[in-house]
Amino acid sequence: SQQGEEDPQALSIQEGENATMNCSYKTSINNLQWYRQNSGRGLVHLILIRSNEREKHSGRLRVTLDTSKKSSSLLITASRAADTASYFCAPYTYNQGGKLIFGQGTELSVKP
Amino acid sequence: GAGVSQSPSNKVTEKGKDVELRCDPISGHTALYWYRQSLGQGLEFLIYFQGNSAPDKSGLPSDRFSAERTGGSVSTLTIQRTQQEDSAVYLCASSLVATLTDTQYFGPGTRLTVL
């Protein structure tokens with residue numbers, strides 16, 4: 001099964017700044033998903049990017065995927081204090097069935 | 001509509017006791033997943049159910065862990081003879097089907113503390 005590795009482990013920025021988190025993986029994927037987790041509880045799905053897509057936007061989120069480098073990045077523009085959370089990527093290959101394998105995540109802190 | 005719910009939200013137990021954690025998936029979702037999140041281990045997959053198919057148990061850490069899904073809906077994760085290393089937040093998720101493009105919706109989790 002495929003596991004993503006997020007980088008950096010922790011990121012601290014000021015409100016209004018942009019936050020960039022990276023995800024690397026090892027083998028070919030069918031898609032890659034990003035999730036957010038607040039306060040160590042349930043995860044919330046943010047965005048899914050397919051292997052044939054290079055960039056995807058959702059509100060203030062921008063996700064890129066570079067399959068040649070086996071990496072993805074999540075950019076949050078004009079960050080807010082409410083964006084403070086842990087962010088996880090989940091690269092997915094068809095033979096995993098339905099399960100997602102998460103990395104350790106990036107802990108983002110946005111200071112007002 | 002209602003999201004994934006889990007109960008209890010917090011559980012404190014003594015080492016050696018059995019515990020049961022419950023998950024109510026979103027109505028109509030055929031796939032249900034259990035994950036565990038503990039300090040130093042990140043977010044680990046435990047088990048998932050897809051319809052009437054045999055569950056994928058590949059993530060269960062030991063035979064003390066088991067899960068059932070009755071009637072294709074509610075699921076119970078049972079941990080027998082709990083150990084301190086079982087302390088973690090147990091997360092349940094569901095999706096319409098277990099496909100490669102399907103979003104998983106997570107519950108709020110059960111925080112288990114084993115004394």
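In what follows, every chain begins at residue 1, and chains take the letters A, B, ... in the order their sequences are listed. All values reported here derive from a predicted model rather than from experimental measurement.
Of all heavy-atom pairs spanning B:Gln37 and A:Phe88, the tightest one is NE2-CZ, 3.7 Å. Heavy atoms only, all atoms of each residue included: B:Leu43 and A:Phe102 are closest at CD2-CD1, 3.3 Å.
Around the CZ atom of A:Arg80, the shell of radius 6.0 Å holds no more than 12 heavy atoms that belong to other residues, nucleotides or ligands. Within 6.0 Å of CD on A:Gln9 lie no more than 12 heavy atoms contributed by other residues, nucleotides or ligands.
One finds the OH atom of B:Tyr33 at 7.0 Å from the CG atom of A:Leu100 (value rounded to the nearest 0.5 Å).
Residue A:Val63 is grouped with residue A:Leu11 when hydrophobic side chains (ILVMFWY) are merged at heavy-atom distances under 4.5 angstrom, including chains of intermediate members. At a threshold of 4.5 Å between side-chain heavy atoms, the hydrophobic network of Ile, Leu, Val, Met, Phe, Trp and Tyr places B:Ile47 and B:Val19 in one connected group. B:Tyr90 and B:Leu32 fall within a single hydrophobic cluster, where Ile, Leu, Val, Met, Phe, Trp and Tyr are joined by side-chain heavy atoms under 4.5 Å apart, directly or via other members.
If you measure heavy-atom distances from B:Tyr105 to chain A, you find no contacts under 4.5 Å at all.
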Item to check | Derivation of the side-chain contact (heavy atoms from CB on, under 4.5 Å) call for B:Leu91 and A:Gln37 | outcome: CA-CA 11 Å; B:Leu91 294 164; A:Gln37 183 181 38; 4.0 Å; yes
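Looking at B:Gln104 and A:Gln33, their side chains never bring a donor and an acceptor atom within 3.5 Å of each other.
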